[in-house]
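This report concerns only the one structure given below.
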Amino acid sequence: MQIRYFLALSLLPPLTLAEPLSQEGGNNAQCVILPPVPYHQVGESSGPLADQKIQIHSDASSAQLGLEASFEGNVTFSQAGRRISAERATVNQQEQQLTAQGNLVFQDPLFTVTADSLMAQMRSNNATLEGAQYWLHGQQVHGDAQKLEITQNNNLILNNTNFTTCPPDNVSWLLEAEKIKIDSKEEWGEIWDAKLRIGGVPVFYIPYMTVPVSEKRKTGFLFPSFSSSTTNGVEFAAPFYWNIAPEYDLTFTPHYMSSRGLFTKTEFRYLLGDAGNRQTPTGQFNLEYLGSDNMLDGSPNRYMYHWEHSDALDENWRVLANYTDVSDNNYFNDLNSDVNRATDNQLSRVGEIAYFTDNWDFSARVQDIKVLGKEERPYQVMPQLNFNYRTPGMWQGLDFNFASEITNFRHKEDIYTTATRVHMEPSILLPIHGPAGSLTSEVKLMQTNYWQHNIQQSEQESSISRTLPQVRIHGQINFERYTDYFNQNYRQTLEPQFQYLYVGYEDQSKIGLYDTGELQQDYFGLFRDRRFSGLDRIADANQLTLGLTTRLFDERNLEQLKFSLGQIIYFDDSKVSLYEDDLTEQPSTSVLAAELDARVYKDWFVSGAIQYDTRNSSNKKSEASLDYRPGPNKLLQFSYRYVPDLLNSNTNDRVDISQAGFRTTWPITDELYFVGNWYYDLKEERSVESYTGFQYESCCWAVRLSYHYRIKTNYEDDLRTAAPNEREMFETGVYLNFVIKGLGGSGPLGVNDMLDEGLFNYRKPLYLRN
């Protein structure tokens with residue numbers, strides 16, 4: 001059992017280097033807090049504020065020249081961007097002092113203040129208001145102050161004050177302070193001797209803190225987080241944010257776990273140019289380190305480092321880099337990393353530079369993939385050079401394409417064969433397109449040369465040349481009609497299509513496998529011209545693919561149904577496989593692949609796909625879901641998936657996957673939401689994941705209570721001497737998250753991220769919309 005408590009009083013808004021999060025949940029339109037008096041925009045002027053003319057309007061006035069002027073009834077003073085309205089006011093011309101009383105309102109572009117009285121020094125542009133209430137424009141922040149001072153630089157100094165982001169008639173939380181200073185230029189507030197009250201009860205004392213009043217960032221400690229669990233013990237984390245420059249920032253988080261030790265996380269982010277330029281280079285470094293993990297035998301050191309970078313050098317050049325490494329296979333399972341999820345088991349290391357024009361492109365790429373929990377390592381691409389050329393409409397409607405690559409495959413272990421591969425692929429296409437359909441004819445020649453080194457298998461050869469011709473003809477016809485079903489008018493399409501594919505045969509058993517695997521035969525996969533990814537195996541083919549798609553569009557032209565059905569007819573058996581012992585008696589047809597997405601009735605949607613072996617009358621793969629989506633944040637989903645004879649990469653055993661699931665999110669009230677899911681393994685007869693969560697969100701605070709039970713992946717590595725038992729394979733946790741809006745928290749918790757919690761994320765049907 002794991003219990004965690006998070007008090008999300010972060011003193012920093014979402015960092016501007018990242019995309020802002022959408023505000024979900026709650027009635028945000030009803031959360032806008034406006035001052036009780038209308039805002040009057042006063043015209044700005046370009047000169048210094050001290051040089052601006054003061055305009056005065058009133059119902060009656062009296063004055064002694066050079067001494068004092070008095071104003072009565074609907075008095076308004078305006079100067080540059082400031083405006084004062086009151087029942088009566090006096091101007092002492094000798095002292096350059098303004099006093100005002102009675103229904104007093106002070107406004108400028110940043111805030112509105114109502115007060116009992118005002119005294120302003122017009123020479124220095126300072127003002128003091130007694131018995132004030134204030135509202136920050138564009139923010140939900142408002143509060144009271146015994147005395148409010150407005151400085152020459154338009155800063156606010158509030159004494160014996162408070163503020164909140166809650167509606168005035170429902171103040172759920174209130175921050176009381178002896179003094180608050182709001183810097184209008186830096187857009188940050190400094191608070192001294194603050195007490196946080198929730199429901200009128202004081203729960204927290206803060207001698208000094210800073211809070212944002214905009215999206216600007218500031219150096220300082222973020223609010224600490226506390227947690228407790230049976231795995232990690234008592235936890236305490238105190239993030240420190242360093243706003244180095246507008247283009248750089250760094251967050252350092254010391255995270256102490258009593259059962260494991262001190263876990264430190266560092267994230268450095270950068271922009272190398274103008275942030276408003278979409279081609280600005282961006283990137284980040286992450287370094288995480290846990291010295292002497294006391295939960296494992298021998299107390300090993302555990303670490304993770306990560307770098308990613310993307311850059312558009314100009315309109316043609318692109319640069320991409322991504323590198324991640326960890327100390328052990330179970331790092332992401334045991335520790336809460338900022339980079340990967342526990343379900344990620346592949347670490348990609350990629351470096352690429354590319355040049356693009358309208359007719360050709362070139363790229364150079366290096367790649368290494370680390371698979372966690374698997375002893376066999378993929379080949380490294382060191383490097384791969386690609387050149388592609390295209391000339392549409394070259395002659396008489398013919399298109400010419402040329403694709404080529406030079407790839408050097410390396411391996412970290414000497415027991416594997418390495419190779420250099422050169423591949424060229426010219427093709428000529430004749431595309432014919434029209435409203436009634438399309439017909440595309442293609443002729444292609446694939447020339448590949450291998451130079452293999454350090455050969456480990458006797459059947460392989462050091463130098464191999466392979467030349468394969470390919471002919472592909474793909475056609476589609478579009479029919480449509482207007483019809484009605486269940487007293488509803490629809491436009492129905494019928495889209496039959498065919499593809500004839502011929503690929504020549506050559507014996508390829510003397511070529512090693514470097515980047516090749518078998519592709520999935522779903523409906524769209526039936527119309528591929530390849531059976532394998534990569535180029536080490538190109539299967540011979542003499543086959544015809546037949547497919548049919550029908551769609552229904554309603555009177556608003558929204559797709560309400562899509563159904564596709566297809567199958568390949570083999571005229572000759574393929575003689576190429578990944579491994580020689582895979583060659584068995586082959587069927588005359590492929591699996592029958594079907595896919596369906598439909599709105600079955602009002603807010604009910606069904607989605608499904610199946611791959612059916614018609615020869616052996618067996619299900620090769622299937623999945624289905626039934627959704628009820630009557631409105632925003634309302635969902636009921638029932639799902640099922642079945643995959644037989646799947647290879648378990650950890651044990652190399654063949655297993656059948658048969659799982660049923662249920663997922664829901666539903667608003668109990670306008671502010672209270674429920675989210676839950678449950679997935680059950682029908683083969684093992686056990687639950688593999690359960691999640692239950694309640695979230696309450698008002699205008700000014702949000703809380704979430706959730707329970708999580710799920711199977712935990714544990715990979716084999718040198719740090720674990722014994723295999724996990726049944727109890728250790730599952731993880732249980734109860735979590736409490738609390739956010740106070742307006743104290744720099746991350747905003748609403750959101751319902752979508754609750755749907756994405758866990759191993760099985762919510763997937764909406766691809767083609768249909770509500």
Side-chain angles (χ1 to χ4, degrees), residues 12 14-19 21 217 222 225 232 235 237-245 247-257 260-273 275 280-293 296 300-312 318-354 365-374 377-378 380-383 412 713-715 717-719 746 753 756 761:
L12 184 71
L15 302 183
T16 55
L17 287 174
E19 292 294 326
L21 298 175
R217 297 173 283 123
L222 311 186
S225 66
N232 297 331
E235 299 183 58
F240 179 80
Y241 175 78
W242 183 11
N243 186 27
I244 305 172
E247 301 85 11
Y248 310 97
D249 66 4
L250 182 144
T251 303
F252 175 73
T253 306
H255 185 160
Y256 176 74
M257 298 176 284
R260 292 188 183 273
L262 182 61
F263 179 41
T264 59
K265 296 191 287 187
T266 303
E267 179 180 86
F268 173 75
R269 303 187 301 176
Y270 59 85
L271 293 171
L272 301 179
T280 298
T282 63
Q284 71 177 52
F285 292 95
N286 291 80
L287 176 63
E288 300 175 357
Y289 181 77
L290 171 61
S292 302
D293 188 347
L296 298 178
N301 299 330
R302 310 183 74 180
Y303 60 83
M304 186 282 307
Y305 49 90
H306 167 78
W307 175 54
E308 62 181 77
H309 177 86
S310 61
D311 186 6
R318 302 290 186 271
V319 173
L320 172 69
N322 194 319
Y323 189 90
T324 305
D325 197 16
V326 292
S327 56
D328 57 274
N329 292 334
N330 290 285
Y331 180 90
F332 296 118
N333 296 329
D334 296 340
L335 302 174
N336 184 22
S337 173
D338 291 338
V339 176
N340 281 42
R341 291 161 48 96
T343 52
D344 297 332
N345 76 323
Q346 289 192 4
L347 305 181
S348 178
R349 296 89 176 269
V350 177
E352 182 176 12
I353 184 169
R365 177 186 181 92
V366 293
Q367 176 177 298
D368 181 29
I369 297 176
K370 181 176 182 178
V371 182
L372 301 179
K374 196 171 183 179
R377 298 179 179 179
Q380 298 172 306
V381 174
M382 297 289 175
K412 292 183 177 180
T713 303
N714 285 298
Y715 301 116
D717 59 26
D718 296 335
L719 303 185
S746 58
D753 65 313
D756 290 336
N761 296 339

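Please read all numbers here as calculations on a predicted model, not as lab measurements.
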Taking the side chain as every heavy atom from C-beta outward, state whether Met257 and Leu335 have any pair of such atoms under 4.5 Å apart. yes
How many angstroms lie between NZ in Lys412 and CG in Asp368, if you round to the nearest 0.5 Å? 4.5 Å
Sequence-distant partners of Phe240, ring-ring contact (aromatic ring centres under 6.0 Å, His included), two or more places apart: Phe221
Of all the heavy-atom pairs spanning Lys370 and Val326, show the shortest one and how long it is. NZ-O, 3.4 Å
Residues in ring-ring contact (aromatic ring centres under 6.0 Å, His included) contact with His309, at least two apart in sequence or another chain: Tyr270
Step by step, work out the side-chain contact (heavy atoms from CB on, under 4.5 Å) result for Asp249 and Ile244. CA-CA 5 Å; Asp249 66 4; Ile244 305 172; 5.5 Å; no
Side chain proximity check, Met304 to Lys265, heavy atoms < 4.5 angstrom: no
Do Asn286 and Glu288 pair up side chain to side chain, a donor and an acceptor below 3.5 Å, judged on atom types alone? no
What one should report as the nearest heavy-atom pair of Glu267 and Gln284 is OE2-NE2, 3.7 Å
Which distance, rounded to the nearest 0.5 Å, do you find between the OH of Tyr256 and the OG1 of Thr264? 14.5 Å
In the structure I gave you, are the side-chain heavy atoms of Asn301 and Ser327 within less than 4.5 Å of one another anywhere? no
Roughly how far, to the nearest 0.5 Å, is CG of Asp338 from CG of Leu287? 11.5 Å
Check Arg349 against Thr324 and note the closest heavy-atom contact, atom names and distance. NE-O, 2.8 Å
Contacts of Trp242 that satisfy ring-ring contact (aromatic ring centres under 6.0 Å, His included) - sequence neighbours left out: none
Interatomic distance, CZ@Arg269 vs OH@Tyr248, rounded to 0.5 Å, equals 14.0 Å
Is there a side-chain contact between His255 and Asn336 in this structure, where contact means two heavy atoms from C-beta onward sitting under 4.5 Å apart? no
Tyr305 side, atom OH; Phe285 side, atom CZ - distance, nearest 0.5 Å: 13.0 Å
One should read off an interatomic distance between Asn333 CG and Leu372 CG, to the nearest 0.5 angstrom, of 8.5 Å
Distance-minimising heavy-atom pair for Val339 and Ser337: N-OG, 3.1 Å
Can you check whether Glu308 reaches Leu320 side chain to side chain, under 4.5 Å on heavy atoms? no
Looking only at heavy atoms, which two atoms of Val371 and Pro378 are closest? And how far apart? CG2-CG, 3.9 Å
Heavy-atom pair with the smallest gap, counting every atom of Arg260 and Asp293: NH1-OD2, 2.7 Å
